[in-house]
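Let me begin by presenting the structure, written as structure tokens, before commenting on it.
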Amino acid sequence: MIAQIVLSLLLGVVLLYAWAQYRRSPIVTVLSCGVSLIGFYFVWLPSHATRVAEFVGIGRGADLVLYVWACISLVVLLNLHLKLRTQHELLTALARSIALANATLPEDTRPIGRSQISSLTEAQTSQPRYRLADGPAPGQTADQSA
């Protein structure tokens, strides 16, 4: 009798919470209310759970309830995983767009205006800006760099 009261209280809390969330997700509310009402039915009439379990080929009603609970939990877990993954993708896209919107170039790599191009010497424009640390400088052989 004590277990029936405790389980009924827990199912009642789930029922009230589901009903309070009706505006956010009506489908989840209807499913949660249905499962809670079926839970009330099986908590107060456990022999009926055993009859249903025997009808579907499971030995005991408690096993049936456990199997159904495990399946529902897996569906909820999958749903939460998919929602979390979607949120992660949205957050990545948001961070990417913010990074691109706030991107700035360093002073030495900003585009050069036409007036500045004519002042550059031939040596400045023909040499690469960076070189690999391991290799020789442009115009040098491996013997000259050592």
Side-chain angles (χ1 to χ4, degrees), residues 1-117 120 124-143 145-146:
M1 180 76 169
I2 294 173
Q4 289 175 326
I5 293 171
V6 171
L7 291 172
S8 294
L9 287 174
L10 292 173
L11 288 169
V13 169
V14 169
L15 191 64
L16 288 174
Y17 180 75
W19 190 255
Q21 298 298 317
Y22 181 76
R23 284 188 175 170
R24 282 188 171 175
S25 182
I27 294 172
V28 174
T29 297
V30 170
L31 292 175
S32 297
C33 289
V35 169
S36 295
L37 292 175
I38 291 170
F40 273 121
Y41 180 76
F42 285 146
V43 163
W44 288 100
L45 299 170
S47 62
H48 290 211
T50 303
R51 286 188 206 149
V52 172
E54 289 172 353
F55 178 75
V56 295
I58 299 172
R60 301 180 309 160
D63 293 338
L64 173 69
V65 171
L66 182 67
Y67 298 156
V68 170
W69 177 78
C71 290
I72 290 172
S73 297
L74 289 174
V75 168
V76 168
L77 184 65
L78 176 65
N79 187 26
L80 288 174
H81 169 72
L82 293 175
K83 285 186 179 191
L84 183 63
R85 190 171 176 181
T86 301
Q87 290 294 319
H88 181 31
E89 290 171 0
L90 287 173
L91 185 60
T92 301
L94 178 63
R96 201 174 278 147
S97 66
I98 289 172
L100 290 173
N102 295 332
T104 58
L105 291 172
E107 285 295 323
D108 59 343
T109 60
R110 293 188 187 232
I112 300 173
R114 286 191 176 268
S115 62
Q116 295 171 334
I117 291 177
L120 292 175
Q124 289 174 324
T125 58
S126 65
Q127 294 295 321
R129 191 172 179 146
Y130 302 104
R131 67 181 180 87
L132 295 174
D134 296 344
Q140 285 185 334
T141 64
D143 297 332
S145 65

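Throughout, residue positions are numbered sequentially from 1 according to the sequence presented.
Note that NZ of K83 is 11.5 Å distant from CG of L78, once rounded to the nearest 0.5 Å. The line from CD1 of I38 to CG of L11 is 11.0 Å long, rounded to the nearest 0.5 Å. The structure places CZ of R51 at 14.0 Å from CG of L64, a figure rounded to the nearest 0.5 Å. The distance from atom CZ of R96 to atom CG of L100, rounded to the nearest 0.5 Å, is 8.5 Å. One distance of note links OH of Y17 with SG of C33; it measures 12.5 Å at 0.5 Å rounding. Rounded to the nearest 0.5 angstrom, N79 CG and H81 NE2 are separated by 11.0 Å.
Nearest heavy atoms, S8 versus V43: OG-CG1, 4.0 Å. Residue S25 comes nearest to V28 through the heavy atom pair OG-CG2, 3.1 Å, listed as atom of the first residue, atom of the second, then distance. Nearest heavy-atom pair across M1 and W44 is SD-CZ3, 4.4 Å. Considering all non-hydrogen atoms of both residues, L15 and F40 come closest at CD2-CE1, 4.2 Å. Nearest heavy-atom pair, Q4 versus P46, reported as atom, atom and distance to 0.1 Å: NE2-CD, 4.4 Å. The shortest heavy-atom contact between Y22 and T29 is CA-OG1, 3.3 Å.
Annotation: W69, atom CH2; neighbour count of heavy atoms from other residues, nucleotides and ligands within 6.0 Å does not exceed 12. More than 12 heavy atoms of other residues, nucleotides or ligands lie within 6.0 Å of CD1 in I5, so this atom counts as buried by the packing criterion.
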